[in-house]
Amino acid sequence: MSDVKQTIAVIGGTGGLGSALAFRWGQAGYKIIIGSRNAEKALLSAAKLNERLGRTSASGLSNRDAANAAGIIVLTVPFSNHKAIVEEIMEAAQGKIVVDTTVPLVPPKVSRVQLPEGGSVAKLAQERLGKNVRLVSAFQTVAAASLAKNKPLEGDVLVCGNNVEARTSVISLVEATGLKGWHAGPIDNSVVSESLTPVLIFLNKRYEMGHSGIRIVGN
Ligand SMILES: NC(=O)c1ccc[n+]([C@@H]2O[C@H](COP(=O)([O-])OP(=O)(O)OC[C@H]3O[C@@H](n4cnc5c(N)ncnc54)[C@H](OP(=O)(O)O)[C@@H]3O)[C@@H](O)[C@H]2O)c1
């Protein structure tokens, strides 16, 4: 990624993961547009973020307007509404990088892998959005609650996508949060990241851990 930081639209940025990522990226000097189904809610969320950051880094718009106005679009919406939101931002996303954080969790069994038909949310999103969109999957294994704290983070992030430059750009976004990003191959590999989250939720319960994450080691 060049030195000029692109504006990031965080679709669903009023929620847990989106607001936490927006906080980290705001701290790192990115301009953020919080997207919401309700533009007023987005404005309120942006105002809260600016107050926390102590400067004006964020604005708020409807999801579609946010996607139109930004260079990079990050999806942080529940799996249950992912398809509809992808369709809403489809036109705005053409020619851009879209980062998909979605885990196909199907409550109440959130500690069980339940992949969608077609295998992976991110792969389906790439197919729906088309080849002009560089879809990159990331952040599935990072807990929003950890990102939301104003503390250094530990852990790694698998970054999957068919376009190497887009993956490199997203690795810069991962590093801006304080985590380490890894090129983890094409979008087909996102099935692994999406499957890890239910396992981490299981570990959190089984071992009474706050928020487990992943680390790649080389021995
Ligand atoms: N939370 C985590 O720790 C975490 C970690 C890794 C990955 N993820 C993934 O990140 C995505 C967002 O997770 P989250 O915990 O941030 O979710 P969340 O807080 O429940 O929802 C995020 C936002 O999505 C929007 N939204 C759109 N359609 C919705 C619907 N039908 N019902 C509820 N909200 C809807 C809402 O914004 P508006 O009402 O403003 O539109 C909401 O604030 C999920 O796909 C999740 O799997 C989460």
Side-chain angles (χ1 to χ4, degrees), residues 8-25 32-49 58-67 73-89 98-116 120-125 135-149 153 155-160 170 173-174 177-179 181 184 190-205 209-214:
I8 306 170
V10 186
I11 307 302
T14 56
L17 183 66
S19 61
L21 285 171
F23 169 63
R24 293 277 171 169
W25 289 328
I32 310 292
I33 307 172
I34 301 290
S36 169
R37 292 168 295 174
N38 173 333
E40 272 180 34
K41 189 176 167 190
L43 276 171
L44 273 175
S45 196
K48 258 196 194 164
L49 174 58
S59 54
L61 290 171
S62 71
N63 283 330
R64 194 190 304 248
D65 290 346
I73 300 165
V74 182
L75 295 176
T76 61
V77 296
F79 173 53
S80 59
N81 208 19
H82 178 265
K83 185 169 180 252
I85 302 266
V86 164
E87 276 162 15
E88 200 181 341
I89 59 123
V98 172
V99 183
D100 203 338
T101 68
T102 311
V103 181
L105 292 181
V106 187
K109 293 185 174 165
V110 293
S111 53
R112 181 173 297 190
V113 177
Q114 299 180 78
L115 294 170
S120 144
V121 184
K123 196 176 170 199
L124 286 172
L135 196 103
V136 180
S137 133
F139 294 109
Q140 289 87 352
T141 55
V142 185
S146 308
L147 281 165
K149 288 179 196 153
L153 284 171
D156 292 350
V157 173
L158 300 178
V159 178
C160 304
V170 175
L173 293 184
V174 172
T177 69
L179 293 161
S190 178
V191 68
V192 172
S193 322
E194 294 171 33
S195 303
L196 276 169
T197 314
V199 177
L200 295 174
I201 294 171
F202 184 90
L203 292 174
N204 290 341
K205 285 187 197 150
M209 277 189 273
H211 304 287
S212 56
I214 64 159

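Start at 1 with the first residue, then count along the sequence. As the structure lists them, so they are numbered: ligands from 1, and atoms in each ligand from 1.
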- request: Could you give me the CA-CA distance, side-chain angles and deciding distance for K123 and V191, then say whether side chain to side chain contact (heavy atoms under 4.5 Å, CB included) is met?
  value: CA-CA 8 Å; K123 196 176 170 199; V191 68; over 6 Å; no
Can you pull out the closest protein heavy atom to [atom]? Residue, atom name and distance to 0.1 Å, please.
| atom | answer |
| --- | --- |
| atom 19 (O) of ligand 1 | G16 N, 3.0 Å |
| atom 7 (C) of ligand 1 | T101 O, 3.4 Å |
| atom 22 (C) of ligand 1 | T76 O, 3.4 Å |
| atom 40 (O) of ligand 1 | S36 OG, 2.5 Å |
| atom 44 (C) of ligand 1 | V77 O, 3.2 Å |
| atom 24 (O) of ligand 1 | P78 CD, 3.3 Å |
| atom 5 (C) of ligand 1 | V142 O, 2.9 Å |
| atom 30 (C) of ligand 1 | R37 NH1, 3.4 Å |

Atoms in ligand 1 flagged as close to [X], the criterion being non-hydrogen separation under 4.0 Å:
| X | answer |
| --- | --- |
| A143 | 3 (O) |
| A144 | 1 (N), 2 (C), 3 (O) |
| T102 | 45 (O) |
| G15 | 16 (O), 19 (O), 22 (C), 43 (O) |
| T14 | 36 (C), 37 (O), 38 (P), 40 (O), 42 (C), 43 (O) |

Ignoring hydrogens, what is the shortest heavy-atom contact between [X] and [Y]? Give both atom names and the distance.
| X | Y | answer |
| --- | --- | --- |
| V174 | T177 | O-OG1, 2.5 Å |
| L158 | A184 | CB-CB, 3.9 Å |
| P198 | V103 | CD-CG1, 4.3 Å |
| G12 | V77 | CA-CG1, 3.9 Å |
| A138 | V159 | CB-CG2, 4.2 Å |

Have a look at ligand 1 and work out which part of [X], if any, has a heavy atom under 4.0 Å from it: side chain, backbone, both or neither.
| X | answer |
| --- | --- |
| T141 | neither |
| K41 | side chain |
| Q140 | backbone |

Under 3.5 Å: donor-acceptor pair, side chain of [X], backbone of [Y]:
| X | Y | answer |
| --- | --- | --- |
| S137 | C160 | no |
| S62 | R37 | no |
| S59 | I33 | no |

- prompt: Just by distance, with hydrogens left out, do S120 and E194 show a side-chain donor and acceptor under 3.5 Å apart?
  reply: yes
message: Is it the case that over 12 heavy atoms from other parts of the model lie below 6.0 angstrom from the CZ atom of F202?
response: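 Check fails, neighbour count at 12 or below.
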query: Has K109 got more than 12 heavy atoms of other residues, nucleotides or ligands less than 6.0 Å from its NZ?
result: no
- prompt: Applying a strict 4.0 Å limit to heavy atoms, is N38 in contact with ligand 1?
  reply: no
task: Tell me, please: is L105 in heavy-atom contact with ligand 1, that is, under 4.0 Å?
output: no
- request: Answer yes or no for atom 17 (O) of ligand 1: protein heavy atom present at a distance under 4.0 Å?
  value: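 Protein heavy atoms within 4.0 Å of atom 17 (O) of ligand 1 - there are none.
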task: May I ask which of V103, I34, L44 has a heavy atom nearer to atom 47 (O) of ligand 1 than the others do?
output: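 Looking at heavy atoms only, the winner is V103.
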task: Applying side chain to side chain contact (heavy atoms under 4.5 Å, CB included), run through L179 and R24 and close with a yes or a no.
output: CA-CA 11 Å; L179 293 161; R24 293 277 171 169; over 6 Å; no
Between [X] and ligand 1, is there a nitrogen or oxygen pair with a distance under 3.5 Å?
| X | result |
| --- | --- |
| G35 | no |
| N63 | no |
| L17 | yes |
| N81 | yes |

query: Roughly how far, to the nearest 0.5 Å, is the CD1 atom of I85 from the CG atom of N63?
result: 5.0 Å
